[in-house]
Amino acid sequence: MKIATWNINGVKARLDAATLWLEEASPDIACLQEIKSVDEAFPAEAFERLGYNVTTHGQKGFNGVAILSKRPLEDPVRGLDGAPDDVQARYLEGVVSTDEGVVRVASIYLPNGNPVESEKFAYKLAWAERLIARAGELLANEEPVVLAGDYNVIPEPIDAKKPEAWTNDALFQPESRAFYRRLQAMGYLDAVRATTDEAVYTFWDYQAGAWQKDNGIRIDHLLLSPQAADRLETVEIAKDVRGRDKPSDHVPVIATLAV
DNA sequence: ATGGTGGCTGTGCCA
(Lines give C-alpha, C1' and ligand atoms only; values in the text may rest on other atoms or scores of the structure.)
Protein backbone atom coordinates (compact mmCIF):
# COMPACT_ATOMS: atom_id res chain seq x y z
CA MET A 1 0.00 0.00 0.00
CA LYS A 2 1.31 3.43 -1.03
CA ILE A 3 0.66 6.22 1.46
CA ALA A 4 1.52 9.79 0.50
CA THR A 5 1.61 13.20 2.15
CA TRP A 6 1.47 16.42 0.13
CA ASN A 7 0.92 20.05 1.06
CA ILE A 8 -0.84 21.19 -2.11
CA ASN A 9 -1.14 24.91 -1.17
CA GLY A 10 -4.71 25.39 -2.36
CA VAL A 11 -6.85 22.67 -3.91
CA LYS A 12 -8.46 24.96 -6.47
CA ALA A 13 -5.14 26.28 -7.75
CA ARG A 14 -3.67 22.78 -7.71
CA LEU A 15 -6.51 20.71 -9.17
CA ASP A 16 -4.80 19.91 -12.47
CA ALA A 17 -1.41 19.28 -10.86
CA ALA A 18 -2.98 17.11 -8.17
CA THR A 19 -5.07 14.94 -10.48
CA LEU A 20 -2.09 14.51 -12.84
CA TRP A 21 0.16 13.34 -10.02
CA LEU A 22 -2.50 11.02 -8.56
CA GLU A 23 -3.00 9.38 -11.96
CA GLU A 24 0.74 8.83 -12.30
CA ALA A 25 1.64 7.75 -8.78
CA SER A 26 -1.68 6.13 -7.87
CA PRO A 27 -1.19 6.19 -4.08
CA ASP A 28 -3.71 4.13 -2.12
CA ILE A 29 -3.96 6.96 0.41
CA ALA A 30 -3.04 10.62 -0.11
CA CYS A 31 -2.96 12.92 2.92
CA LEU A 32 -3.30 16.51 1.72
CA GLN A 33 -2.61 19.73 3.61
CA GLU A 34 -3.41 23.40 3.00
CA ILE A 35 -6.46 22.65 0.90
CA LYS A 36 -7.57 26.26 1.67
CA SER A 37 -11.19 25.30 1.07
CA VAL A 38 -14.35 24.72 3.03
CA ASP A 39 -15.71 21.17 2.84
CA GLU A 40 -18.64 22.17 0.57
CA ALA A 41 -16.33 23.77 -2.00
CA PHE A 42 -13.80 20.93 -2.13
CA PRO A 43 -13.79 19.53 -5.70
CA ALA A 44 -14.42 15.96 -4.55
CA GLU A 45 -15.79 14.78 -7.92
CA ALA A 46 -12.44 15.32 -9.64
CA PHE A 47 -10.86 12.88 -7.20
CA GLU A 48 -13.78 10.47 -7.07
CA ARG A 49 -13.42 10.08 -10.85
CA LEU A 50 -9.92 8.73 -10.14
CA GLY A 51 -11.34 6.16 -7.74
CA TYR A 52 -10.81 7.94 -4.44
CA ASN A 53 -13.03 8.30 -1.43
CA VAL A 54 -12.75 11.90 -0.22
CA THR A 55 -12.77 13.00 3.41
CA THR A 56 -12.11 16.64 4.27
CA HIS A 57 -11.63 18.87 7.28
CA GLY A 58 -11.71 22.28 5.68
CA GLN A 59 -11.66 25.94 6.65
CA LYS A 60 -12.27 29.14 4.73
CA GLY A 61 -9.18 30.62 3.16
CA PHE A 62 -6.45 28.97 5.18
CA ASN A 63 -5.27 25.61 6.46
CA GLY A 64 -7.54 22.62 5.83
CA VAL A 65 -6.59 18.95 5.45
CA ALA A 66 -8.01 16.03 3.47
CA ILE A 67 -7.51 12.32 3.01
CA LEU A 68 -8.07 10.64 -0.35
CA SER A 69 -8.28 6.87 -0.10
CA LYS A 70 -9.08 4.14 -2.59
CA ARG A 71 -10.73 2.15 0.17
CA PRO A 72 -13.27 3.90 2.42
CA LEU A 73 -11.88 5.92 5.32
CA GLU A 74 -13.56 4.65 8.47
CA ASP A 75 -14.12 6.44 11.79
CA PRO A 76 -12.88 9.88 10.72
CA VAL A 77 -11.58 12.11 13.52
CA ARG A 78 -11.50 15.87 12.86
CA GLY A 79 -9.25 17.96 15.05
CA LEU A 80 -7.24 17.24 18.19
CA ASP A 81 -8.53 17.22 21.74
CA GLY A 82 -7.39 19.72 24.31
CA ALA A 83 -8.42 23.11 22.88
CA PRO A 84 -12.17 23.31 22.25
CA ASP A 85 -11.96 26.92 21.05
CA ASP A 86 -9.33 26.19 18.40
CA VAL A 87 -11.04 26.62 15.01
CA GLN A 88 -8.00 25.96 12.82
CA ALA A 89 -8.47 22.86 10.63
CA ARG A 90 -5.15 21.05 10.88
CA TYR A 91 -5.82 17.40 11.76
CA LEU A 92 -7.81 14.60 10.14
CA GLU A 93 -7.47 10.92 11.02
CA GLY A 94 -9.12 7.71 9.93
CA VAL A 95 -8.73 3.97 9.41
CA VAL A 96 -8.43 2.02 6.18
CA SER A 97 -9.07 -1.71 6.17
CA THR A 98 -7.25 -3.99 3.76
CA ASP A 99 -7.11 -7.72 3.21
CA GLU A 100 -3.94 -7.74 5.34
CA GLY A 101 -5.38 -5.76 8.24
CA VAL A 102 -5.88 -2.10 9.07
CA VAL A 103 -3.78 1.02 8.82
CA ARG A 104 -4.59 4.24 10.65
CA VAL A 105 -3.55 7.46 8.94
CA ALA A 106 -3.54 11.11 9.96
CA SER A 107 -3.18 14.17 7.73
CA ILE A 108 -1.35 16.77 9.80
CA TYR A 109 -0.68 20.46 9.19
CA LEU A 110 1.37 21.76 12.08
CA PRO A 111 1.33 25.53 12.60
CA ASN A 112 4.19 27.45 10.99
CA GLY A 113 4.82 29.44 14.17
CA ASN A 114 6.59 32.50 12.80
CA PRO A 115 7.60 34.91 14.08
CA VAL A 116 9.17 33.19 17.08
CA GLU A 117 8.52 36.15 19.41
CA SER A 118 4.78 36.07 18.69
CA GLU A 119 1.83 34.13 20.08
CA LYS A 120 1.99 32.11 16.86
CA PHE A 121 5.05 30.25 18.12
CA ALA A 122 3.35 29.49 21.44
CA TYR A 123 0.37 28.18 19.47
CA LYS A 124 2.68 25.97 17.43
CA LEU A 125 4.19 24.41 20.55
CA ALA A 126 0.81 23.99 22.24
CA TRP A 127 -0.58 22.34 19.12
CA ALA A 128 2.46 20.04 19.02
CA GLU A 129 1.72 18.98 22.60
CA ARG A 130 -1.82 18.05 21.61
CA LEU A 131 -0.43 15.97 18.73
CA ILE A 132 1.99 14.23 21.11
CA ALA A 133 -0.96 13.30 23.32
CA ARG A 134 -2.89 11.83 20.38
CA ALA A 135 0.21 10.04 19.07
CA GLY A 136 0.61 8.39 22.49
CA GLU A 137 -2.99 7.23 22.52
CA LEU A 138 -2.56 5.66 19.08
CA LEU A 139 0.55 3.73 20.14
CA ALA A 140 -1.50 1.92 22.75
CA ASN A 141 -3.55 0.29 19.98
CA GLU A 142 -0.43 -1.47 18.64
CA GLU A 143 -1.65 -0.90 15.08
CA PRO A 144 0.13 0.32 11.97
CA VAL A 145 -0.17 4.13 12.18
CA VAL A 146 1.15 6.69 9.70
CA LEU A 147 1.29 10.28 10.94
CA ALA A 148 1.65 12.07 7.61
CA GLY A 149 1.96 15.75 7.05
CA ASP A 150 3.59 19.13 6.90
CA TYR A 151 5.19 19.32 10.33
CA ASN A 152 6.80 22.73 9.74
CA VAL A 153 9.87 21.30 11.49
CA ILE A 154 13.38 21.03 10.04
CA PRO A 155 14.65 18.10 12.14
CA GLU A 156 18.43 18.44 11.66
CA PRO A 157 20.95 20.70 9.92
CA ILE A 158 21.24 18.21 7.05
CA ASP A 159 17.55 18.85 6.35
CA ALA A 160 18.24 22.36 5.06
CA LYS A 161 20.46 23.48 2.20
CA LYS A 162 21.41 26.54 4.28
CA PRO A 163 20.78 25.66 7.91
CA GLU A 164 22.36 28.91 9.09
CA ALA A 165 19.58 30.83 7.33
CA TRP A 166 16.96 29.17 9.56
CA THR A 167 18.52 29.87 12.97
CA ASN A 168 15.87 32.40 13.95
CA ASP A 169 12.97 30.67 12.21
CA ALA A 170 10.21 28.81 14.04
CA LEU A 171 10.81 25.74 11.84
CA PHE A 172 14.32 25.24 13.27
CA GLN A 173 13.97 26.34 16.90
CA PRO A 174 15.27 23.96 19.58
CA GLU A 175 11.71 23.53 20.89
CA SER A 176 10.40 22.59 17.44
CA ARG A 177 13.19 20.09 16.91
CA ALA A 178 12.77 18.68 20.42
CA PHE A 179 9.08 18.06 19.72
CA TYR A 180 10.05 16.07 16.61
CA ARG A 181 12.63 14.06 18.54
CA ARG A 182 10.06 13.27 21.22
CA LEU A 183 7.76 11.65 18.66
CA GLN A 184 10.67 9.46 17.60
CA ALA A 185 11.60 8.66 21.20
CA MET A 186 8.01 7.50 21.75
CA GLY A 187 8.54 4.94 19.00
CA TYR A 188 7.62 6.69 15.75
CA LEU A 189 10.04 6.19 12.85
CA ASP A 190 10.98 9.01 10.44
CA ALA A 191 10.41 7.04 7.22
CA VAL A 192 12.58 9.25 5.01
CA ARG A 193 15.53 9.34 7.42
CA ALA A 194 15.20 5.59 8.02
CA THR A 195 15.87 4.94 4.35
CA THR A 196 18.51 7.54 3.38
CA ASP A 197 21.43 9.46 4.89
CA GLU A 198 21.41 11.94 2.01
CA ALA A 199 20.31 15.57 2.13
CA VAL A 200 16.80 15.50 0.68
CA TYR A 201 14.18 18.24 0.67
CA THR A 202 10.40 18.45 0.36
CA PHE A 203 9.87 22.26 0.19
CA TRP A 204 11.39 24.99 -1.90
CA ASP A 205 10.17 28.57 -1.42
CA TYR A 206 8.57 30.35 -4.37
CA GLN A 207 10.85 33.31 -3.68
CA ALA A 208 14.39 34.18 -4.63
CA GLY A 209 14.88 31.28 -7.03
CA ALA A 210 14.96 28.72 -4.21
CA TRP A 211 14.01 25.84 -6.52
CA GLN A 212 16.56 26.73 -9.18
CA LYS A 213 19.28 26.86 -6.49
CA ASP A 214 18.00 23.71 -4.76
CA ASN A 215 17.67 25.85 -1.64
CA GLY A 216 15.21 23.49 0.03
CA ILE A 217 14.21 22.14 3.42
CA ARG A 218 12.75 18.83 4.62
CA ILE A 219 9.58 19.57 6.58
CA ASP A 220 7.03 17.07 5.20
CA HIS A 221 7.31 13.85 7.15
CA LEU A 222 5.88 10.35 7.45
CA LEU A 223 6.16 9.07 11.01
CA LEU A 224 5.45 5.37 11.44
CA SER A 225 4.34 3.49 14.53
CA PRO A 226 6.42 0.37 15.25
CA GLN A 227 3.79 -1.84 13.60
CA ALA A 228 3.89 0.35 10.48
CA ALA A 229 7.70 0.56 10.53
CA ASP A 230 7.91 -3.23 10.53
CA ARG A 231 6.02 -3.17 7.23
CA LEU A 232 7.99 -0.33 5.56
CA GLU A 233 9.29 -1.25 2.13
CA THR A 234 10.30 1.92 0.25
CA VAL A 235 10.16 5.72 0.53
CA GLU A 236 10.16 8.21 -2.33
CA ILE A 237 10.15 12.00 -2.62
CA ALA A 238 8.47 13.12 -5.84
CA LYS A 239 10.92 15.96 -6.41
CA ASP A 240 10.10 16.37 -10.11
CA VAL A 241 6.62 17.64 -9.16
CA ARG A 242 8.22 20.90 -7.96
CA GLY A 243 9.51 21.67 -11.46
CA ARG A 244 6.15 21.45 -13.22
CA ASP A 245 3.68 24.17 -14.24
CA LYS A 246 1.89 25.93 -11.37
CA PRO A 247 3.55 23.81 -8.68
CA SER A 248 2.92 23.74 -4.97
CA ASP A 249 5.97 24.84 -2.99
CA HIS A 250 5.91 21.34 -1.39
CA VAL A 251 6.26 17.95 -3.12
CA PRO A 252 4.68 14.57 -2.28
CA VAL A 253 6.45 12.11 0.01
CA ILE A 254 5.37 8.49 -0.47
CA ALA A 255 5.93 5.37 1.64
CA THR A 256 5.11 1.85 0.50
CA LEU A 257 4.00 -0.45 3.32
CA ALA A 258 3.31 -4.17 3.20
CA VAL A 259 -0.28 -3.84 4.41
C1' DA B 1 18.43 41.37 0.18
C1' DT B 2 13.61 44.63 6.18
C1' DG B 3 13.35 42.03 -0.33
C1' DG B 4 11.38 38.23 -2.82
C1' DT B 5 6.41 34.94 -4.73
C1' DG B 6 1.99 32.68 -4.51
C1' DG B 7 -3.01 31.59 -2.89
C1' DC B 8 -7.17 33.31 -1.19
C1' DT B 9 -9.37 37.11 -0.03
C1' DG B 10 -11.21 41.46 -0.33
C1' DT B 11 -7.92 45.98 -1.03
C1' DG B 12 -4.48 42.51 3.74
C1' DC B 13 -3.11 37.92 5.77
C1' DC B 14 -0.60 33.85 5.76
C1' DA B 15 3.18 31.08 4.45
Side-chain angles (χ1 to χ4, degrees), chain A residues 5-21 31-44 46-47 56-66 83 86-92 107-128 131 148-155 159-173 175-177 179-180 201-221 238-253:
Chain A
T5 184
W6 189 16
N7 179 324
I8 58 172
N9 189 22
V11 68
K12 290 188 260 303
R14 216 65 61 214
L15 194 54
D16 288 346
T19 53
L20 175 64
W21 179 74
C31 297
L32 306 179
Q33 300 87 37
E34 279 208 272
I35 63 174
K36 298 186 175 181
S37 169
V38 293
D39 295 336
E40 310 80 70
F42 191 89
F47 301 109
T56 60
H57 181 37
Q59 176 181 350
K60 182 170 178 159
F62 309 107
N63 305 325
V65 288
D86 185 357
V87 298
Q88 298 196 31
R90 297 179 173 278
Y91 184 88
L92 174 63
S107 184
I108 293 166
Y109 180 45
L110 233 98
N112 174 292
N114 279 303
V116 171
E117 302 76 21
S118 73
E119 72 289 341
K120 290 183 181 177
F121 188 59
Y123 173 70
K124 176 180 193 153
L125 298 181
W127 201 95
L131 179 60
D150 175 1
Y151 281 71
N152 270 312
V153 174
I154 302 167
D159 298 311
K161 177 80 164 194
K162 299 182 179 181
E164 68 280 4
W166 298 91
T167 311
N168 297 315
D169 195 283
L171 279 59
F172 200 48
Q173 289 307 293
E175 297 94 330
S176 306
R177 298 175 58 194
F179 147 74
Y180 195 74
Y201 312 126
T202 66
F203 169 94
W204 296 259
D205 203 291
Y206 289 123
Q207 304 181 76
W211 167 246
Q212 287 74 14
K213 299 175 194 168
D214 195 30
N215 182 13
I217 53 177
R218 188 173 75 92
I219 57 175
D220 299 275
H221 306 302
K239 183 175 182 178
D240 67 293
V241 169
R242 183 64 178 81
R244 299 182 181 181
D245 289 339
K246 296 246 320 166
S248 170
D249 37 7
H250 299 248
V251 298
V253 183

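Because the structure is a prediction, the values reported are computed rather than measured. Lettering of chains follows the sequences in order, A, B, ..., and the numbering in each one begins at 1.
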Write down the distance separating the P atoms in B:dC8 and B:dG4, rounded off to the nearest Å.
22 Å
For A:Leu110 and B:dC14, give me the distance from atom CG to atom C1', rounded to whole Å.
16 Å
May I ask you to check whether A:Asp150 and A:Gln33 show a side-chain donor-acceptor distance below 3.5 Å?
no
When A:Phe203, A:Trp211, A:Trp21, A:Trp204 are each screened for ring-ring contact (aromatic ring centres under 6.0 Å, His included) with A:His250, the one that passes is A:Phe203
Would you indicate what A:Tyr109 reaches in the nucleic acid, counting non-hydrogen atoms under 4.0 angstrom: base, sugar-phosphate, or nothing?
sugar-phosphate
Salt-bridged, A:Lys239 to A:Asp214, with N to O below 4.0 Å?
yes
Which of the following nucleotides, B:dG7, B:dA15, B:dT9, is nearest to the side chain of A:Lys60?
B:dT9
Could you tell me the separation between the CG atom of A:Asp205 and the P atom of B:dG6, rounded to a whole number of Å?
10 Å
What is the separation between atom NE2 on A:His250 and atom C1' on B:dG6, rounded to the nearest whole Å?
12 Å
What contact category does A:Arg90 fall into here, base, sugar-phosphate, or nothing, at under 4.0 angstrom with non-hydrogen atoms?
sugar-phosphate
Using whole Å, what does the distance between atom P of nucleotide B:dG3 and atom CG of A:Asn215 come to?
20 Å
Could you state the atom-to-atom distance from CG of A:Asn112 to P of B:dC14 in whole Å?
11 Å
May I have the distance from A:Trp204 (atom CH2) to B:dG6 (atom C1'), rounded to whole angstrom?
17 Å
Check the distance between B:dC14's P and A:Tyr123's OH and give it to me in whole angstrom.
12 Å
Counting only side-chain heavy atoms from C-beta out, which of B:dC14, B:dG4, B:dG6 sits nearest to A:Phe62?
B:dC14
Which residue lies more 5' along DNA chain B, comparing A:Asn7 with A:Lys246 via nearest heavy atoms:
A:Lys246
Nearest heavy atom decides the nucleotide; on that basis, is A:Gly61 or A:Pro111 closer to the 5' end of DNA chain B?
A:Gly61
Whether A:Tyr180 and A:Tyr151 hold their rings parallel, tilted or perpendicular, with breakpoints at 30° and 60°:
perpendicular
Without hydrogens or angle criteria, can the side chains of A:Lys124 and A:Asn112 be said to hold a donor-acceptor pair below 3.5 Å?
no
Please tell me which of the listed nucleotides, B:dG4, B:dC8, B:dA15, lies nearest to the side chain of A:Glu34?
B:dA15
Can you tell me which nucleotide in B:dG7, B:dT5, B:dC8 comes closest to the side chain of A:Asn9?
B:dG7
Please determine if a side-chain N or O atom of A:Lys120 lies less than 4.0 Å away from the OP1 or OP2 oxygen of B:dC14.
yes
When the C1' atoms of B:dC13 and B:dA1 are considered, how many whole Å apart are they?
23 Å
Using the P atoms only, state how far B:dG3 lies from B:dT9, rounded to an integer number of Å.
27 Å
Among B:dA1, B:dG7, B:dA15, which nucleotide sits nearest the side chain of A:Lys213?
B:dA1
Euclidean distance, atom CD of residue A:Gln207 to atom P of B:dC14 [Å, nearest integer]
16 Å
On a heavy-atom basis, which atom in A:Arg177 and which in A:Pro155 lie closest, and how many Å separate them?
NE-O, 2.9 Å
